[in-house]
Amino acid sequence: MKDEFPFRKFERKWQERWRASRVFECSEDPDREKFYCLEMFPYPSGKLHMGHVRNYSIGDAFARYHRMKGCNVLHPMGWDAFGLPAENAAIERNVHPGDWTSQNIDTMRAQFKSFGFAIDWTREVATCHPEYYRWCQWFFLKMYERDLAYRKKSQVNWCQACRTVLANEQVENGTCWRCHQPVRMRELNGWFLRITHYAEELLNDLEMLRGSWPDRVITMQQNWIGRSEGAYVDFPLDRDTGSIRIFTTRPDTLYGATFIVLAPENPLVMKLAERSGMQAGLQAFIDKVRSVDIIERTSTGIPKEGVFTGCYAINPLTEESIPIWVSDFVLMEYGTGAIMSVPAHDQRDFEFARKYQLPIRIVIVPGGEIPDEDTMEKAYEAEGIMVNSGRFTGMPAAEGKRRIIDYLEMENMGEGAVTYRLRDWGISRQRYWGTPIPVIHCPQCGIVPVPETDLPVRLPVDIEFDWKKGGNPLADWPPFVNVRCPRCNKNARRETDTMDTFIDSSWYFARYTSARNTRSPVDPVKVDYWMPVDHYIGGIEHAVMHLLYARFFQKVMRDIGLTRVGEPFTRLLTQGMVCLEVLKCPRDGYLYPDETIQDENGSPVCAKCGQPVMVGRSEKMSKSKRNTKDPEEYLARYGADTMRLFSLFASPPERDLDWSDTGVEGAFRFLKRVWRFAQDWHEELADSANRDLHLDPEPDSSPGRIRNRVHQTVKRVTANFESRYHFNTSISACMELVNELVAIPGPHTGQEVPEPYCDVIIEAFRKLVPLLSPFAPHFAEELWSMMGNRSLLAASPWPEYDESVAFEDMIIVPIQIQGKVRARLEVPAGTSPEVLEAMARADESVGRWTRGKTIRKIIIVPDRLVNIVIS
RNA sequence: GCCGGAAUGGCGGAAUUGGCAGACGCAAGGGACUUAAAAUCCCUCGGUCCUCUGGACUGUCCGGGUUCGAUUCCCGGUUCCGGCACCA
């Protein structure tokens, strides 16, 4: 059977050869250029999904290409193995989270292997292994020593459904990022990492990444860090001791500050209430604010509510007494939880002042005229000249800012300051399946860190627990909780919070460089050889959280002397989602394709109720929308190479990919076509590897043109790997070449092999097969060995191209008249403008268009076009 | 509201710096092979029109502009996607 395409057989064969030859295992070699290629490691959720297939197909193409280019490639894999779904599975089906996780890992590892990814499996890590998470604990202790980890009571985002705390980044539109239930505020003690200590550096270093990270990720991180420059200003209380500190970005408007507003959570509120005797009213207001859920409270549209505290403060510059209010629009978490209100120059303050009839004073004007404060319709927020501002009157606002800050500092009334939107990272989770925080609470000594020598604090795996009960089972497990204080040896209590799993994924990329090291998280020599990651590939959903935390950890690792590298990821590629149209029945909701049947007109109807099915637009594949496709099915039917090829061909990596069964079929057809062509030429190709080729056909002969195309294709595919990463066009280029090869006469058309073609075809295959290998590695490896190569293609050099052969000798130059193509000239490349002009003027069809007209101008771009402008 | 990104045939997409719009693939239609089907191969395939083996006009979200020439650059707008959203 000549036409048979035995992909199942050869895919298994090459996977086995790669494994046995250990070709993808690597070690440090200072003499070779290193290339660290990494895709974001998966959460072991059960089985691979199409998003994984795409992600790892992209990364694998890079890894294979750079290995063939001669780089020492590190391409590892591991498991982000702690986290909530494991506990949810435990609750649903009463299996231990650890068992559930390790089964999933086994399943998914096997799947990875059946895709033939070029991975160094000796470096595999799983974050739930004590050998891994002990170093998460170690990092925690190091940070604790350096005051980068601390415990505080705070208002936290609380998800009732998950019974845990969420970081701000994990709250999406007021709902939990995992279960999408509303998030409530709750006061809780917990552990924090002082990421704000690095805010400035995390912001500034983004500039180094510009150009090699997507702009939008840089922008998102900038917005998230949210630097603002301004000043703290102290407003003394009127007829009382003490003062209120506010933060403002507009010290130049200080003379226009006519009232103060406190956040409802600000502890000052109740103190002031006591003085004014207005406790009842203020408490009622605070309770009312608290009762509103976070979604509503943080939505911009709703009108601002406020209450007067009955107390006054002194504006330090005007020395006037101004009222102190409380309102829900002021946030306790930002700045100082108190603001000065300048209604003339802040729209929100303006609306508030109008609503409660508070005074408005203009202190900045665009020109000379001062508008009427009683009739103005909105705040003037732009730059201008200061008025009504004492000694600062007449200054441009920008200068006034500096001068007022200087003055405040001189008079001890405030200081210049920078604040950030970024908050410290709350890492405590009231959950079982995570890294235990290595701390002991002693009634005598207080908080005592677990000594380094006692690490890891093992998560008890033999825990007996009713998973359905919810909450954190660790807190109810005496063997874990009851310990002796490492300092005084008296009875103490172990911390039962576990770490946010984002800790685990904040340094795994460094661990891969020294995966089995038992003395420290990373070996300093190895980590500095491999780091930073050269190509990091993953989903855009990690643009802020994971990538910001990882950057933070990298800087901490640097500062504690583990590495010299300060930024972990040199290049970032954010791949798009895998999408498919959704099917929806008006009665039964989302449907799988096999839950629909065709009616007599061939339109899809719901199999259950017979109603017409709406075909919705293409959306990210998800179980809840029932628009998923199982990679396993396609793997069995078409093989790994076809899936990989399709995933890369259907759209460029950063864009969304629409899954298409017929598209997969197309990729399969292409591979079969090349296969069949190779079989037809078997006699010529088999064991041709060591043959000397005579490659000197006339450049403008048919075989000469084939050579030209071959070398051009090598050039195009190579260029793509170096700069644009649009593998869809790389694959197109290979397809075009195959189309040209198939068009020549030969055994596949039932003809004799014409003499001049034979060596050209052999050369074509020597180039084409390696070009395809990053996309369809088993297929390429099989053809490579058929051609008589003894060594693995995966370890062979990337094909070279000869610029002089890739060079196009004859070029078709279009002739335009008034910008419209009217004729074409076939000329040798590099034909001079003079000759082109003469040829264009002499051209017959040009004459038809120019007859009776005056030629005003002729624009000539050599090798590109001729444009004749007529009057 | 603010900040990004996108918009090209029936569909996914291509067009390196302003220089032949629609590569490559999918779908569709026609044909060959076949008892038939599958597989494979060949042809057509943006739109409108004409005197139809050719040719004209038009066409890259819409409206302007710059230019000999704009999918590409500039200004204004529409729609969609994403992020942030009382941040003082």
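Just so it is clear, the structure is predicted and the values come from calculations on it, not from any experiment. Proteins come first, then strands; the chains are lettered A, B, ... in the order of their sequence lines, and each starts at number 1.
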**Asked** Going through the distances and angles, do Glu808(A) and Arg709(A) end up as a salt bridge (Lys or Arg N to Asp or Glu O under 4.0 Å)?
**Response** CA-CA 9 Å; Glu808(A) 199 122 20; Arg709(A) 296 287 180 243; 3.4 Å; yes

**Intermediate values then yes/no, side chain to side chain donor-acceptor pair (under 3.5 Å), Tyr334(A) and Ser228(A)** = CA-CA 11 Å; Tyr334(A) 186 77; Ser228(A) 42; 2.7 Å; yes

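To the nearest whole angstrom, the two P atoms, one in G59(B) and one in G69(B), are 15 Å apart. Only the P atoms considered, G9(B) is 8 Å distant from C61(B), to the nearest whole Å. Rounded to the nearest Å, the gap between the C1' atom of C80(B) and that of C62(B) is 15 Å. Rounded to whole Å, the P atom of U8(B) lies 11 Å from the corresponding atom of A14(B). G64(B) and G12(B) are spaced 32 Å apart, taking the C1' atom of each and rounding to whole Å. Comparing A32(B) with A15(B), their P atoms are spaced 38 Å from each other, to the whole Å. With both ends at atom P, the span from C45(B) to A23(B) equals 11 Å, rounded to whole Å. Atom C1' of C73(B) sits at a distance of 12 Å from the matching atom of U17(B), rounded to the whole Å.
Gln347(A) places its CD atom 16 Å from the C1' atom of A85(B), with the value rounded to the nearest Å. Spacing between atom CZ of Phe727(A) and atom C1' of G12(B) amounts to 18 Å, rounded to whole angstrom units. Taking atom CZ of Arg348(A) as the reference point, atom C1' of C2(B) lies 14 Å away to the nearest angstrom. Put simply, CZ on Phe646(A) is 12 Å from C1' on C11(B), counting in whole angstrom units. Atom CZ in Phe5(A) sits about 12 Å away from atom P in U40(B), given to the nearest Å. Rounded to whole Å, the distance from CD on Glu333(A) to P on C84(B) is 16 Å. Summarising the geometry, the separation between CZ on Arg856(A) and P on C68(B) is reported as 8 Å, rounded to the nearest angstrom. For Gln222(A) and C3(B), the CD to P distance is 14 Å, given to the nearest whole Å.
Interface residues of residues 210-221 of chain A facing RNA chain B, ordered by number: Arg216(A), Thr219(A), Met220(A); criterion, heavy-atom separation under 4.0 Å. For the segment residues 243-258 of chain A, the set of residues with a heavy atom within less than 4.0 Å of an atom of RNA chain B comprises Phe247(A), Thr248(A), Thr249(A), in numerical order.
With a glycosidic angle more than 90° from 0, C74(B) adopts the anti conformation. Look at G9(B): its glycosidic torsion is within 90° of 0, and that puts it in the syn range.
Of the charged side-chain nitrogens involved, none lies within less than 4.0 Å of a carboxylate oxygen, so that Arg724(A) and Glu654(A) do not count as a salt-bridged pair. Under a 4.0 Å N-O distance rule, the pair Arg354(A)/Glu351(A) does not qualify as a salt bridge. A salt bridge between Glu305(A) and Lys355(A) is present, with a side-chain N of the basic residue lying under 4.0 Å from a carboxylate O of the acidic one. Salt-bridge check for Arg841(A) with Glu837(A): passed, with a basic side-chain N closer than 4.0 Å to an acidic carboxylate O. A salt bridge is defined here as a Lys NZ or Arg NE, NH1 or NH2 lying under 4.0 Å from an Asp or Glu carboxylate O, and Lys629(A) with Asp661(A) meets this definition.
Note on ring orientation: taking the six-membered ring where Trp is involved, the planes of Trp675(A) and Phe779(A) are tilted (angle from 30° to 60°). Between His542(A) and Phe502(A), the angle of the ring planes goes over 60°, which puts this pair in the perpendicular group of the 30/60° scheme.
Nearest nucleotide to the side chain of Lys820(A), out of C57(B), C84(B), A88(B): C57(B).
In this structure, Arg421(A) reaches the A85(B) phosphate: one of its side-chain N or O atoms is under 4.0 Å from OP1 or OP2. Between A88(B) and Ser228(A), a contact under 4.0 Å exists linking OP1 or OP2 to a side-chain N or O. Between Arg617(A) and the phosphate of C81(B), there is a side-chain N or O to OP1/OP2 separation shorter than 4.0 Å.
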**Asked** Quick one: what's the B/S/- string for nucleotides 47-55 of chain B, heavy-atom cutoff under 4.0 Å, read 5' to 3'?
**Response** ---------

**Request:** Go along nucleotides 16-25 of chain B 5' to 3' and tag each nucleotide: B for a protein heavy atom under 4.0 Å from its base, S when only backbone or sugar atoms are that close, - otherwise.
**Result:** ---BB--BBS

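With sequence neighbours excluded, no residue forms a salt bridge (Lys or Arg N to Asp or Glu O under 4.0 Å) with Arg705(A). The side chain to side chain contact (heavy atoms under 4.5 Å, CB included) search around Arg227(A) returns Glu200(A), Leu203(A), Glu229(A), Val418(A), Tyr420(A), not counting sequence neighbours. For the side chain to side chain contact (heavy atoms under 4.5 Å, CB included) test, residues two or more places apart in sequence or in another chain that qualify with Pro833(A) are Ile860(A), Pro862(A). With sequence neighbours excluded, the residues that form a side chain to side chain contact (heavy atoms under 4.5 Å, CB included) with Lys767(A) are Val710(A), His711(A), Val714(A), Glu763(A), Pro799(A). Applying the salt bridge (Lys or Arg N to Asp or Glu O under 4.0 Å) criterion to Arg54(A), with sequence neighbours excluded, gives no partner residue. Residues satisfying the salt bridge (Lys or Arg N to Asp or Glu O under 4.0 Å) criterion with Arg250(A), sequence neighbours excluded, are Asp252(A).
Across all strands, Asp346(A) comes closer than 4.0 Å to no nucleic acid atom at all (heavy-atom distances).
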**Item:** Dot-bracket summary - RNA chain B, pairs being Watson-Crick or G-U whose distances fall under 3.5 Å, with | when paired to another strand
**Value:** (((((((..(((......[....))).(((((.......))))).(((((...)))))..(((((..]....))))))))))))....

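Tyr255(A) and Asn315(A) form no side-chain donor-acceptor contact under 3.5 Å, judged by distance and modelled atom types alone.
Between Gly337(A) and Lys857(A), the residue whose closest nucleotide on RNA chain B is further toward the 5' end is Lys857(A).
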Scan the side chains in residues 822-832 of chain A for donor-acceptor partners under 3.5 Å anywhere in the protein, sequence neighbours excluded, and list what turns up.
residue   : atom : partner   : partner atom : Å
Thr831(A) : OG1  : Pro828(A) : O            : 2.4
Ser832(A) : OG   : Glu834(A) : OE1          : 3.4
Ser832(A) : OG   : Val835(A) : N            : 3.3

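The backbone N or O of Pro343(A) sits nowhere less than 3.5 Å from a side-chain atom of Ser341(A) that would complete a donor-acceptor pair.
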